[in-house]
Asker: 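If you scroll down you'll find the structure; I have some questions about it.
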Amino acid sequence: MREVRIKDTLSGETIALDGTEEIGIYACGPTVYSRIHIGNARPFVVFSLLARFLKAEGYRAKLAINVTDINDKIYTAAAERGISSGELAEEMTAAYFEDTGRLGLGRPDAEPLATGTIGPIVDLIETLVEDGHAYESGGDVYFSVRGFDGYGKLSHRPTEEMEQGEGDDAGSLKRDPLDFALWKTHKEGEDTSWDSPWGPGRPGWHIECSAMAEAELGQPFTIHGGGSDLVFPHHENEIAQSEAARGKPLARIWMHNGMIETDAEKMSKSEGNIFQLHEAIDTYGPEAVVAYLISGHYRQPLAFGDAPLTEAVARIDRLRNFLRDNPAGLEPGPEAAAAAGRFRDALADDFNTPRAMSEAFDLVRSANQSPDDPALAGAGTALAGMLDLVGLGSLAEAGEGGPDPEALDLLEARNAARADRDWGRADEIRDRLAELGWEVRDGAEGARLVPRG
RNA sequence: GGCGCCUUGGCGGAGUGGCUACGCAGCGGCCUGCAAAGCCGUUUACACCGGUUCGACUCCGGUAGGCGCCUCCA
């Protein structure tokens, strides 16, 4: 078990995980008012892979990624489409499961819904009201920010001049502009509501995460994550609620991924469509999307566009080519095993996926240079293991079946033509195979067919 | 205005006080009947100005530029 260290937004320190305790990870998932985009996929990928790596290292890890299915935006989007908000939320939740499922990373250990956590949410709010950290006002309940010492410690900003609220919030009901809603009374036009001690209504934006995280992982748990745009106010408010209610920290480490950066001009023209996760997967394939998302360090912003995705396709092609020639199976020699060790070392060091991938490519080049070096034997085995850790294990899979009889016949015919030195005929057949989806690769041991990318 | 981040070779993107990151693309070669795959070479980068140091791309200060958040956002 390696010592895994993660940079903590709250303290600014890099903190080592405790291998003796369960590593509870809570990552803020999407609000389901539309299909998710690449930006939503980044935390899903980062935290899924982190949990996978921790488990591979022998940690007991539990990953929870929630679905926020109660929100102003859902009401708005549903109204625009003329369907009920529940219908829209269900549809988009299903789409989220489908789209992220296609990434091939499996599911988180828990995926709670806000609508499935109303009881704990109401209980948590009640506790806050009883303890004087929150107050009822006209059917709404607000958290009293100034009553919580330490507000602003995560986002490192002074409480002066802060104001917050969801859209056209009934700000006049607040005692202080800093306060934020825990519970919102039912309003005309909203087609869902739940009973509460303060009358029918629905949870405010931040409280559902506090409740779901505690329900799934207890409090405190180890890592709370999400996009860096959530630092303020979302995570700041989660800290305030949970710590005010329980008198102990919510999470030990706050881990935030950088934004996917889009060029507004390009987005409106050529690249707007592929920003949707499902469109990106359709266009570039799931492995390329994952490879793209891990191409930069998780904390840094990552440029989005056709070019970086196309590059990701080229990268995974190189890996796949290598694995075709060097299938997993052989026991890794010392150099191959060392590369795998360095790969894991990089991941253990604040989950440095680009550095890890550089080790993978280093191994590929070394093994291509010296295919007979016993120290590099089993490089394919080592590489497959490395890639599996970052969700690219499918690159090592042979694919369904081999060439069909028609393709094999054509290959035979081409071999015959080449034996006759009839290059025109041989190239004709190669073109024909290309039309059928096969690429011919001539090697020392004869010609081979590989599927065309 | 407040808080924070960033500026690396054609592009993307790591990293370190003194040693080739890595990938993609281009060009030149090797291999090949020609390709593909692979290999080699290649223009040897660290915004600018000072400072610390035997030595800085890597530390400190400043300048310029870019970005994120600061009522919604992964």
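Residue numbers begin at 1 in each chain, while the letters A, B, ... track the order of the sequences.
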Asker: With rounding to whole Å, what would you report as the distance between C30(B) and A21(B) at their C1' atoms?
Answerer: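 Going atom to atom, C1' in each nucleotide, I get 26 Å.
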
Asker: Quick one: L50(A) CG to A74(B) P, roughly how many Å, whole number?
Answerer: 20 Å

Asker: Hey, are Y26(A) and T222(A) close enough side-chain-wise for a donor-acceptor pair under 3.5 Å?
Answerer: no

Asker: By the 4.0 Å heavy-atom rule, please label A303(A) as base, sugar-phosphate, or nothing.
Answerer: sugar-phosphate

Asker: Take the protein atom CG of L449(A) and the nucleotide atom C1' of A36(B), then report the distance between them rounded to whole Å.
Answerer: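 Rounded to whole Å, this separation is 12 Å.
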
Asker: What's the gap between U71(B) and G15(B) when it is taken at their C1' atoms, as a whole Å value?
Answerer: 39 Å

Asker: What residues form a ring pair (Phe, Tyr, Trp, His ring centres under 6.0 Å) with F351(A), not counting sequence neighbours?
Answerer: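 Result, ring pair (Phe, Tyr, Trp, His ring centres under 6.0 Å) vs F351(A): none returned.
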
Asker: When the C1' atoms of U58(B) and G18(B) are compared, how many Å lie between them, rounded to an integer?
Answerer: 11 Å

Asker: Using side-chain contact (heavy atoms from CB on, under 4.5 Å) as the criterion, list what pairs up with T31(A), not counting sequence neighbours.
Answerer: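 Expected list: Y33(A), T68(A), N71(A), I74(A).
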
Asker: Residues in side-chain hydrogen bond (donor to acceptor under 3.5 Å, both in side chains) with D99(A), at least two apart?
Answerer: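 With neighbours one apart ignored, the set is R35(A).
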
Asker: Answer with base, sugar-phosphate or nothing: what part of the nucleic acid does V450(A) contact at a heavy-atom distance below 4.0 Å?
Answerer: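 No contact at all - V450(A) keeps every heavy atom at 4.0 Å or more from the nucleic acid.
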
Asker: Considering only side-chain heavy atoms of N40(A), which listed nucleotide, A74(B), C73(B), G12(B), is closest?
Answerer: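 Of the candidates, A74(B) comes closest.
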
Asker: Base contacts versus sugar-phosphate-only contacts with protein, heavy atoms under 4.0 Å: please encode nucleotides 14-23 of chain B as B, S and - from 5' to 3'.
Answerer: SS-----BSB

Asker: Between C1' on C3(B) and NZ on K153(A), what's the gap in Å once rounded to a whole number?
Answerer: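 In whole Å, C3(B) C1' and K153(A) NZ are 17 Å from each other.
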
Asker: Take atom P in C34(B) and the same atom in G29(B), then report the distance between them in whole Å.
Answerer: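 Straight-line distance between the two P atoms is 14 Å.
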
Asker: For C24(B) and C54(B), measure between their P atoms and round to the nearest Å.
Answerer: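 After rounding to an integer number of Å, I get 42 Å for this pair.
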
Asker: Restricting to nitrogen or oxygen on both sides, can you table the protein-nucleotides 26-33 of chain B pairs closer than 3.5 Å?
Answerer:
| unit_1 | atom_1 | unit_2 | atom_2 | d |
| --- | --- | --- | --- | --- |
| G33(B) | N7 | R418(A) | NH2 | 3.2 |
| G33(B) | O6 | R414(A) | NH2 | 3.2 |
| G33(B) | O6 | R418(A) | NE | 3.3 |
| G33(B) | N1 | D427(A) | OD1 | 2.9 |
| G33(B) | N2 | D427(A) | OD1 | 3.4 |
| G33(B) | N2 | D427(A) | OD2 | 2.7 |

Asker: Could you point out which residue of E111(A), R107(A), H278(A) forms a side chain to side chain donor-acceptor pair (under 3.5 Å) with T100(A)?
Answerer: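 Output: one option passes, namely R107(A).
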
Asker: Measure CH2/W254(A) against P/C69(B) and give the value in whole Å, please.
Answerer: 19 Å

Asker: With rounding to the closest Å, how many angstrom separate the C1' atoms on G68(B) and C60(B)?
Answerer: 26 Å

Asker: Take I38(A) and N321(A), find for each the nucleotide of RNA chain B with the closest heavy atom, and name the residue whose nucleotide sits nearer the 5' end.
Answerer: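 Per heavy-atom nearest nucleotide, the more 5' residue is N321(A).
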
Asker: Ignoring hydrogens and geometry beyond distance, is a side-chain donor-acceptor pair present between N352(A) and Y298(A) at under 3.5 Å?
Answerer: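 N352(A) vs Y298(A): no donor-acceptor pair found between side chains.
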
Asker: In this structure, how many angstroms lie between the C1' atom of U7(B) and the CD atom of E261(A), rounded?
Answerer: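 After rounding, the gap between these two atoms is 12 Å.
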
Asker: Please list, chain by chain and in numerical order, all residues satisfying salt bridge (Lys or Arg N to Asp or Glu O under 4.0 Å) with E80(A), sequence neighbours excluded.
Answerer: none

Asker: Consider the side chain of E439(A), meaning its heavy atoms from C-beta on, and name the nucleotide among A36(B), A74(B), C3(B) that approaches it most closely.
Answerer: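 Between A36(B), A74(B), C3(B), the one nearest the side chain of E439(A) would be A36(B).
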
Asker: Once side-chain hydrogen bond (donor to acceptor under 3.5 Å, both in side chains) is applied, do any residues pair with E335(A), and if so which ones, sequence neighbours excluded?
Answerer: none

Asker: Any luck finding a side-chain donor-acceptor pair between E190(A) and H186(A) under 3.5 Å?
Answerer: no

Asker: Is G226(A) touching bases, backbone alone, or none of the nucleic acid, heavy atoms closer than 4.0 Å?
Answerer: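 If one applies the 4.0 Å heavy-atom cut-off, G226(A) turns out to touch the sugar-phosphate alone, with no base involved.
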
Asker: Taking side-chain hydrogen bond (donor to acceptor under 3.5 Å, both in side chains) as the definition, give me every residue that meets it alongside R2(A), ordered by chain and number, with sequence neighbours left out.
Answerer: E57(A), D345(A)

Asker: Please work out the stems of RNA chain B from pairs that are Watson-Crick or G-U wobble with both distances under 3.5 Å, keeping only runs of three or more consecutive pairs.
Answerer: B:1-7 with B:64-70, B:10-12 with B:22-24, B:26-30 with B:38-42, B:47-51 with B:59-63

Asker: Looking at C39(B), I'd like to know if its phosphate oxygens (OP1 or OP2) sit under 4.0 Å from a side-chain N or O belonging to N368(A).
Answerer: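 Checking N368(A) against C39(B): at least one side-chain N or O falls below 4.0 Å of OP1 or OP2.
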
Asker: For nucleotides C46(B) and C3(B), find the distance between their P atoms and express it as a whole number of Å.
Answerer: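 Each nucleotide's P atom is 32 Å from the other's.
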
Asker: Please report, rounded to the nearest Å, how far the P atom of A36(B) is from the CZ atom of R448(A).
Answerer: 16 Å

Asker: Using OP1 and OP2 only, check whether a side-chain N or O of W438(A) sits under 4.0 Å from A36(B).
Answerer: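 Negative; the distance criterion is not met.
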
Asker: Consider the side chain of D229(A), meaning its heavy atoms from C-beta on, and name the nucleotide among C39(B), A37(B), C69(B) that approaches it most closely.
Answerer: C69(B)

Asker: Please report, rounded to the nearest Å, how far the P atom of C24(B) is from the CD1 atom of I316(A).
Answerer: 12 Å

Asker: When we call it a touch if two heavy atoms are under 4.0 Å apart, what does G258(A) touch: a base, just sugar-phosphate, or nothing?
Answerer: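 Counting heavy atoms under 4.0 Å across all strands, the contact made by G258(A) includes a base.
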
Asker: Just call it for N257(A): base, sugar-phosphate, or nothing, with non-hydrogen atoms closer than 4.0 Å on any strand.
Answerer: base

Asker: Measure the distance from CG on N237(A) to P on C70(B) and round it to the nearest whole Å.
Answerer: 12 Å

Asker: Provide the distance between the two C1' atoms, one in U43(B) and one in G26(B), to the nearest whole Å.
Answerer: 10 Å

Asker: Please confirm whether F232(A) and H235(A) have ring centers closer than 6.0 angstrom.
Answerer: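 No: the rings miss the under 6.0 Å criterion.
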
Asker: Any ring-ring contact (aromatic ring centres under 6.0 Å, His included) pairs touching residues 301-321 of chain A, not counting sequence neighbours?
Answerer: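 Matches after skipping sequence neighbours: F275(A)-F304(A).
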
Asker: Go through the structure and list residues passing side-chain hydrogen bond (donor to acceptor under 3.5 Å, both in side chains) with T14(A), not counting sequence neighbours.
Answerer: none

Asker: Would you classify I260(A) as touching base, sugar-phosphate or nothing, given that sugar-phosphate means primed atoms plus P, OP1 and OP2, and contacts are heavy atoms under 4.0 Å?
Answerer: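 Base, at least one base atom sits under 4.0 Å.
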
Asker: Show me the donor-acceptor pairs, under 3.5 Å and distance only, between side chains in residues 380-387 of chain A and residues at least two apart or in other chains.
Answerer:
| unit_1 | atom_1 | unit_2 | atom_2 | d |
| --- | --- | --- | --- | --- |
| T381(A) | OG1 | G329(A) | N | 2.8 |
| T381(A) | OG1 | L330(A) | N | 3.3 |
| T381(A) | OG1 | L330(A) | O | 2.5 |

